[in-house]
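Contents: one structure, followed by commentary.
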Amino acid sequence: MSESRAPGRGSSSMAPLAKYKLVFLGDQSVGKTSIITRFMYDNFDRHYQATIGIDFLSKTMYLEDRTVRLQLWDTAGQERFRSLIPSYIRDSSVAVVVYDVSNRASFTNTSKWVEDVRSERGNDVVICLVGNKTDLGNDKRQVSTEEGEERAKKDGLMFMECSAKAGYNVKSLFRKLATALPGNNDAKLTAFELFAVAVASNMVDASGKDAPLANISA
């Protein structure tokens, strides 16, 4: 799979662009935003700022057999934003539930996040359990790879470990998610979500520069 246009692939012969909604869930500070940022821009921001509410980004991926548009919804992990989450889980194709391998509580709480997804989407969604921050090393680990794998197998989830900081397995994660997507799913946004996209596309960061929160093409 490639994230750039395949040679010789003319727009006139391309199939309609399939759009998929991916929602990132998990406790605060587990690295949801960092994983998305690494995938989108291949960089890591050491000056972490907590996500406020919901952020939206979008990226086109060119697979061997089709082209897909990934709509990435980055949710806040703070409890005060918890009531917003169900409205973003609805109509999602994929739920990525992230935990910090050096924080057992964040791993324990993934059960609640998975439960939230199941209550909204049943089995009509791909759920991937992701252990982030493997760069911290085994001496700081509180959750082993084997334990993560066992939890995923028990609950019928996909599983992967990664490091947004080091860039380890992030591209592989999105490749794995893209190949697990159904053949066609035209993601529809609610009026509330469309408003969120509009807001995100006009936000600025702390330096006053345009923030690359929305990357939407026609």
| field | Least distance between heavy atoms, Leu177 atom then Cys128 atom | value | CD2-CB, 3.7 Å
| said: Please give me the minimum heavy-atom distance between Val98 and Thr110, naming the atom from each residue. | reply: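 What the structure gives for the nearest pair is O-CG2, 4.3 Å.
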Spatial distance of atom [atom1] ([X]) from atom [atom2] ([Y]) [nearest 0.5 Å]:
| X | Y | atom1 | atom2 | answer |
| --- | --- | --- | --- | --- |
| Gln28 | Thr75 | CD | OG1 | 11.5 Å |
| Asp42 | Thr37 | CG | OG1 | 11.0 Å |
| Leu57 | Gln71 | CG | CD | 11.0 Å |
| Met40 | Leu72 | CE | CG | 6.5 Å |
| Gln142 | Leu136 | CD | CG | 10.5 Å |
| Tyr20 | Ser93 | OH | OG | 7.0 Å |

| task | List in chain and number order the residues that pass side-chain hydrogen bond (donor to acceptor under 3.5 Å, both in side chains) with Thr108, two or more places apart in sequence or in another chain; answer none if no residue qualifies. | result | none
| field | Residues Trp113, Asp27; criterion side-chain hydrogen bond (donor to acceptor under 3.5 Å, both in side chains); working and verdict | value | CA-CA 9 Å; Trp113 292 108; Asp27 287 2; 3.0 Å; yes
| Pairs in or reaching into residues 148-160: which pass salt bridge (Lys or Arg N to Asp or Glu O under 4.0 Å), with residues at least two apart or in two chains? | none
| Tell me, which pairs form a salt bridge (Lys or Arg N to Asp or Glu O under 4.0 Å) where one or both residues lie in residues 132-142, sequence neighbours left out? | Asp100-Lys133, Arg141-Glu161
| task | Only counting residues at least two apart or in another chain, list the ones meeting ring-ring contact (aromatic ring centres under 6.0 Å, His included) with Phe44. | result | none
| Looking at residues at least two apart in the chain, or sitting in another chain, which of them share a salt bridge (charged side-chain N to carboxylate O under 4.0 Å, His left out) with Arg104? | Glu147
| field | Note, Asn103 side chain near Val30 side chain (heavy atom, < 4.5 Å) | value |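 No, every pair of side-chain atoms sits at 4.5 Å or beyond.
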| request: Only counting residues at least two apart or in another chain, list the ones meeting side chain to side chain contact (heavy atoms under 4.5 Å, CB included) with Asp124. | output: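 Listed in chain order: Arg121.
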| query | Only one of Asn132, Thr145, Leu173, Val170 forms a side-chain contact (heavy atoms from CB on, under 4.5 Å) with Met160, so which one is it? | reply | Leu173
| message | Can you see whether Phe39 has Lys59 sitting over its ring - NZ or CZ less than 6.0 Å from the centre and within 45° of the normal? | response | yes
